[in-house]
Amino acid sequence: QVQLVESGGGLVQAGASLRLSCAASGRTFSSYIVAWFRQAPGKEREFVAHINRSGGITDYTDSVKGRFTISRDNAKNTVYLQMNRLKPEDTAAYYCAASGGVLLSRTPRMYDTWGQGTQVTVSS
């Protein structure tokens, strides 16, 4: 089973960009579907984006389409979330999650491995 460590969060102004990284341990990282979720205080964990094993299929929640890009480098055991034109409503703790299943899912319970999260704060 892989272990996940997120990095790249921070405090930025609206309109800025950040790139989050999710580094995985383990030699079988390429066999995992990976997703990014986020959770703002007092709100439920929300799907942001996911990517299939090869990186050829991605999906995004509507609120980030055209602004966020998920990608992966299996040689580096890393998944990225490039976030452009950030908005205050993007403020949340961002988590990466991995699934050994075969189906892309937007449901948190379908992912069995989670990172510790990285905070993104966007000021207006």
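Side chains are part of it too, since the values below use all heavy atoms of this structure and drop only hydrogens, waters and symmetry mates.
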Participant: Which residues pass the salt bridge (Lys or Arg N to Asp or Glu O under 4.0 Å) test with D59, not counting sequence neighbours?
Facilitator: R106

Participant: So is R53 actually on top of F29's ring, under 6.0 Å and inside 45° of the axis?
Facilitator: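 No - R53 does not lie over the ring of F29 by the 6.0 Å and 45° rule.
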
Participant: Does S31 have any side-chain contact (heavy atoms from CB on, under 4.5 Å) partners at least two apart in sequence or in another chain, and if so, which?
Facilitator: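 Counting only residues at least two positions away or on another chain, S31 forms a side-chain contact (heavy atoms from CB on, under 4.5 Å) with T28.
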
Participant: State, with a plain yes or no, whether a side-chain heavy atom of T91 is found less than 4.5 Å away from one of Q119.
Facilitator: yes

Participant: List the residues meeting side-chain contact (heavy atoms from CB on, under 4.5 Å) with S30, not counting sequence neighbours, and say none if there are none.
Facilitator: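 Partners of S30 under the side-chain contact (heavy atoms from CB on, under 4.5 Å) test: N74.
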
Participant: Does any non-hydrogen side-chain atom of S54 lie less than 4.5 Å from one of N52?
Facilitator: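 Side chain of N52 against side chain of S54, heavy atoms only: contact under 4.5 Å found.
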
Participant: Is a side-chain donor or acceptor of T107 paired with a backbone partner of R109 at a separation under 3.5 angstrom?
Facilitator: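 The answer is no, because no donor-acceptor pair under 3.5 Å joins these two groups.
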
Participant: Only pairs under 3.5 Å count here: list side-chain donor-acceptor contacts from residues 7-26, not counting sequence neighbours, and write none if there are none.
Facilitator:
from	atom 1	to	atom 2	distance (Å)
S17	OG	N84	OD1	2.9
S25	OG	Q3	N	3.1

Participant: Quick one: name the residues clustered hydrophobically with Y95, using the 4.5 Å side-chain heavy-atom rule over I, L, V, M, F, W, Y, and just say none if it's on its own.
Facilitator: I33, F37, F47, I57, L104, M110, Y111, W114

Participant: Any side-chain heavy-atom pair from F68 and V48 closer than 4.5 angstrom?
Facilitator: yes

Participant: Looking at every heavy atom in both Y94 and M83, which two are closest together, and how far apart are they?
Facilitator: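 Result for this residue pair: CE2-SD, 3.9 Å.
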
Participant: Hey, does the side chain of H50 reach the backbone of W36 with a donor-acceptor pair shorter than 3.5 angstrom?
Facilitator: no

Participant: Which distance, rounded to the nearest 0.5 Å, do you find between the OG of S63 and the CD of E89?
Facilitator: 8.5 Å

Participant: Which heavy-atom pair separates A98 from V2 by the least distance, and what is that distance?
Facilitator: CB-CG2, 4.1 Å

Participant: Assigning hydrophobic clusters by single linkage (Ile, Leu, Val, Met, Phe, Trp, Tyr; side-chain heavy-atom cutoff under 4.5 Å), is I70 placed with V120?
Facilitator: yes

Participant: By the salt bridge (charged side-chain N to carboxylate O under 4.0 Å, His left out) test, which pairs, at least two apart or in different chains, include something from residues 28-45?
Facilitator: R38-E46, R38-D90

Participant: Stepwise, does the side chain to side chain contact (heavy atoms under 4.5 Å, CB included) test hold for L81 with T69?
Facilitator: CA-CA 6 Å; L81 185 67; T69 302; over 6 Å; no

